[in-house]
K.L.:
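The structure under discussion is supplied below as structure tokens; questions concerning it will follow.
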Amino acid sequence: MRIARFSIDGNVAFGAVEGDKPDELVLDIIKGIPFAEYELSGTKVPLSKVRLLPPVLPNKVVAFGRNYAEHARELGNEVPDAPFAFFKPSTSVVGSGDEIQYPSFSEELHHEAELAVVIGRMCREVPRERAQDVIFGYTCANDVTARDVQRREKQWARAKGFDTACPLGPWIETGLDLAAASDLTVQLTVNGEQRQLGRTSEMIHPIEDLIANISEAMTLLPGDVILTGTPAGVGPLNVGDQVAVTIEGIGTLTNKVVKRG
């Protein structure tokens with residue numbers, strides 16, 4: 001099932017996305033929230049009539065860096081022996097169709113296409129063999145990075161945590177099991193030109209290891225998001241660019257880069 005979060009007539013709701021053709025998709029509005037008991041209302045609205053929101057508002061976004069060997073090397077970094085985590089604040093999250101605001105303190109903005117894991121229930125100290133039990137679903141992410149700031153400041157809080165630096169969407173796909181999610185095509189285009197292409201099977205540390213690693217240190221809550229790293233091909237974004245992250249079996253996350261006003 002694909003679950004979207006959207007607004008219509010000033011109201012915010014979740015809905016199950018139905019249909020296959022992009023111009024014919026409809027939302028069956030959900031009664032309740034998807035992280036608890038819910039049912040489909042049977043009330044349906046065309047996707048074209050709503051505004052898609054970030055599919056979830058996470059308490060925290062835990063991101064893992066340098067989890068694809070070729071990406072680590074393209075930036076001159078060593079491949080880490082263990083998962084390497086950092087955080088993006090909830091205020092950095094935007095949805096598909098929202099604008100990425102080019103930060104005024106940077107002159108080198110980069111895209112990073114990533115598979116995002118959405119946690120489905122409160123958990124901690126999750127053994128890797130139980131990782132499937134705590135996953136609600138998957139969505140697309142763009143770990144937008146002020147690369148010059150990242151190099152200069154060493155700490156990544158401003159470089160990766162500024163407002164609009166974490167586009168998520170367009171919805172959450174709950175129908176993938178861990179095995180399927182571990183071998184998906186991840187690609188990114190800028191103005192229709194392919195910049196990144198990889199597979200989640202190329203991760204150095206697989207999804208279950210990432211969940212085990214971070215839950216060993218902290219409690220994960222329903223709706224928390226784990227970013228699993230980006231394949232090689234990261235590069236610049238400029239004002240006016242249209243950037244799209246497409247992940248096999250999930251969908252396409254699209255955002256436009258604008259000057260921060």
Side-chain angles (χ1 to χ4, degrees), residues 2 4 6 17 20-25 47-48 50-55 61 63 65 67-68 70-76 88 92-116 138-151 156 158-171 173 184-200 202 225 227-261:
R2 295 167 291 175
F6 65 94
V17 183
D20 297 315
K21 297 181 179 179
D23 57 347
E24 297 179 1
L25 298 179
L47 186 67
S48 60
V50 308
R51 178 193 169 197
L52 282 177
L53 301 174
V61 178
N67 199 27
Y68 288 73
E70 289 304 314
H71 167 61
R73 295 189 186 105
E74 73 179 343
L75 296 181
K88 294 173 82 82
S92 69
V93 174
V94 292
S96 189
D98 290 339
E99 296 173 339
I100 297 170
Q101 297 179 1
Y102 203 119
S104 57
F105 53 85
S106 174
E107 296 181 352
E108 190 181 356
L109 198 65
H110 276 199
H111 56 75
E112 296 190 10
E114 309 205 7
L115 174 70
Y138 302 88
T139 191
C140 307
N142 192 346
D143 177 19
V144 183
T145 302
R147 193 70 70 196
D148 51 345
V149 178
Q150 183 186 29
R151 286 194 300 264
W156 297 359
R158 297 203 322 148
K160 287 178 172 282
F162 60 88
D163 291 353
T164 75
C166 189
L168 298 174
W171 41 64
E173 174 57 68
L184 299 174
T185 300
V186 178
Q187 61 180 319
L188 179 143
T189 62
V190 177
N191 302 325
E193 177 186 348
Q194 184 173 285
R195 296 279 188 84
Q196 291 183 265
L197 179 64
R199 297 193 69 82
T200 56
E202 298 167 359
V225 171
L227 304 188
T228 58
T230 191
V234 301
L237 289 172
N238 298 299
V239 172
D241 283 347
Q242 192 87 5
V243 55
V245 178
T246 300
I247 300 182
E248 178 185 2
I250 298 176
T252 299
L253 165 69
T254 304
N255 303 93
K256 185 176 182 179
V257 182
V258 302
K259 183 178 180 180
R260 188 171 184 176

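We count residues from 1, following the sequence as given. For clarity, every value in this text was computed on a predicted model and none was experimentally measured.
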K.L.:
For atom CZ of Arg51, is the number of surrounding heavy atoms from other residues, nucleotides or ligands below 6.0 Å larger than 12?
P.N.:
no
K.L.:
For Glu99, look at atom CD and say whether over 12 heavy atoms of other residues, nucleotides or ligands are found less than 6.0 Å away.
P.N.:
no
K.L.:
How far apart are the closest heavy atoms of Val144 and Lys88, and which atoms are they?
P.N.:
O-NZ, 3.4 Å
K.L.:
If every non-hydrogen atom of Ala113 is compared with every non-hydrogen atom of Pro231, which pair is closest and at what distance?
P.N.:
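Distance-wise, the nearest heavy atoms are O-CD, 3.4 Å.
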K.L.:
To check you understand the geometry: which heavy-atom pair defines the closest contact between Val234 and Gln196, and what is its length?
P.N.:
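Distance-wise, the nearest heavy atoms are CG1-NE2, 3.7 Å.
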K.L.:
Treating Arg147 as the side-chain partner and Gly235 as the backbone partner, does any N or O pair qualify as donor plus acceptor under 3.5 Å?
P.N.:
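No; judged by distance alone, with no hydrogens or angles, the pair does not exist.
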K.L.:
Mind listing the closest non-hydrogen atom pair of Thr252 and Thr254 along with its distance?
P.N.:
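For Thr252 versus Thr254, the nearest heavy atoms are CG2-OG1, 3.6 Å.
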K.L.:
Using modelled atom types only, decide if a donor and an acceptor are shared between the side chain of Thr139 and the backbone of Leu168 within a distance under 3.5 Å.
P.N.:
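Side chain of Thr139 to backbone of Leu168, a donor-acceptor pair under 3.5 Å: no, none is there.
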K.L.:
Do the side chain of Ser106 and the main chain of Glu108 share a donor and acceptor less than 3.5 angstrom apart?
P.N.:
yes
K.L.:
Strictly distance-based, threshold 3.5 Å: is any side-chain N or O of Asn255 a donor or acceptor partner for the main-chain N or O of Ser96?
P.N.:
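Not a single qualifying donor-acceptor pair exists.
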K.L.:
Which distance, rounded to the nearest 0.5 Å, do you find between the CG of Asp163 and the CD1 of Ile100?
P.N.:
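Asp163 CG to Ile100 CD1: 13.0 Å, rounded to 0.5 Å.
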K.L.:
Are Thr185 and Thr246 close enough that some pair of their side-chain heavy atoms sits under 4.5 Å apart?
P.N.:
no
K.L.:
Using a 3.5 Å distance criterion without hydrogens, assess whether the side chain of Thr145 forms a donor-acceptor pair with backbone atoms of Lys160.
P.N.:
no
K.L.:
Salt bridge or not for Glu70 and Arg73, using N-O below 4.0 Å?
P.N.:
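Salt bridge flag = yes for Arg73 with Glu70.
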K.L.:
Nearest 0.5 angstrom please: Trp156 CH2 to Asp143 CG, how far?
P.N.:
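So the CH2 of Trp156 and the CG of Asp143 are separated by 8.5 Å.
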K.L.:
Can you check whether Gln187's main-chain N or O pairs, donor with acceptor, with Gln194's side chain at less than 3.5 Å?
P.N.:
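No.
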K.L.:
The test is side chain to side chain contact (heavy atoms under 4.5 Å, CB included); show your working for Glu114 and Val186 and say whether it passes.
P.N.:
CA-CA 7 Å; Glu114 309 205 7; Val186 178; over 6 Å; no
K.L.:
Does any non-hydrogen side-chain atom of Asp98 lie less than 4.5 Å from one of Thr164?
P.N.:
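SC-SC contact between Thr164 and Asp98 ruled out.
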K.L.:
Looking at CH2 of Trp171 and CG of Leu53, how far apart are the two atoms once the value is rounded to the nearest 0.5 Å?
P.N.:
14.0 Å
K.L.:
Return the minimal non-hydrogen interatomic distance between Asn142 and Leu253, and the atom names on each side.
P.N.:
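Between these two residues, the closest heavy atoms are N-CD2, 3.9 Å.
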K.L.:
List the atom of Pro170, the atom of Ala4, and the distance in Å for their closest heavy-atom pair.
P.N.:
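Shortest heavy-atom contact: O-CB, 4.5 Å.
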K.L.:
Between Thr200, Val245, Thr230, which is the residue that forms a side chain to side chain contact (heavy atoms under 4.5 Å, CB included) with Leu115?
P.N.:
Thr200
K.L.:
Any chance you could measure Gln101, atom CD, to Leu109, atom CG, to the nearest 0.5 Å?
P.N.:
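So the CD of Gln101 and the CG of Leu109 are separated by 11.5 Å.
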K.L.:
Between Phe105 and Arg260, is a side chain to side chain contact (heavy atoms under 4.5 Å, CB included) present by the stated rule, with each step listed?
P.N.:
CA-CA 10 Å; Phe105 53 85; Arg260 188 171 184 176; 3.9 Å; yes
K.L.:
Does Arg2 form a side chain to side chain contact (heavy atoms under 4.5 Å, CB included) with Leu25? I'd like the steps, not just the answer.
P.N.:
CA-CA 11 Å; Arg2 295 167 291 175; Leu25 298 179; 4.2 Å; yes
K.L.:
Does some side-chain heavy atom of Glu193 sit less than 4.5 Å from a side-chain heavy atom of Val190?
P.N.:
no
K.L.:
Can you tell me if Asn191 uses its side chain to pair, donor with acceptor, with the backbone of Gln242 under 3.5 Å?
P.N.:
yes
K.L.:
Above 12 or not: heavy atoms from other molecules or residues under 6.0 Å from CD of Glu107?
P.N.:
no
K.L.:
List the steps, then state whether side chain to side chain contact (heavy atoms under 4.5 Å, CB included) holds for Asn238 with Val257.
P.N.:
CA-CA 7 Å; Asn238 298 299; Val257 182; over 6 Å; no
K.L.:
About how many Å separate CD1 of Ile250 and SG of Cys140, when rounded to the nearest 0.5 Å?
P.N.:
5.0 Å
K.L.:
Within this structure, what is the OH-CG distance for the pair Tyr138 and Leu184, rounded to the nearest 0.5 Å?
P.N.:
8.5 Å
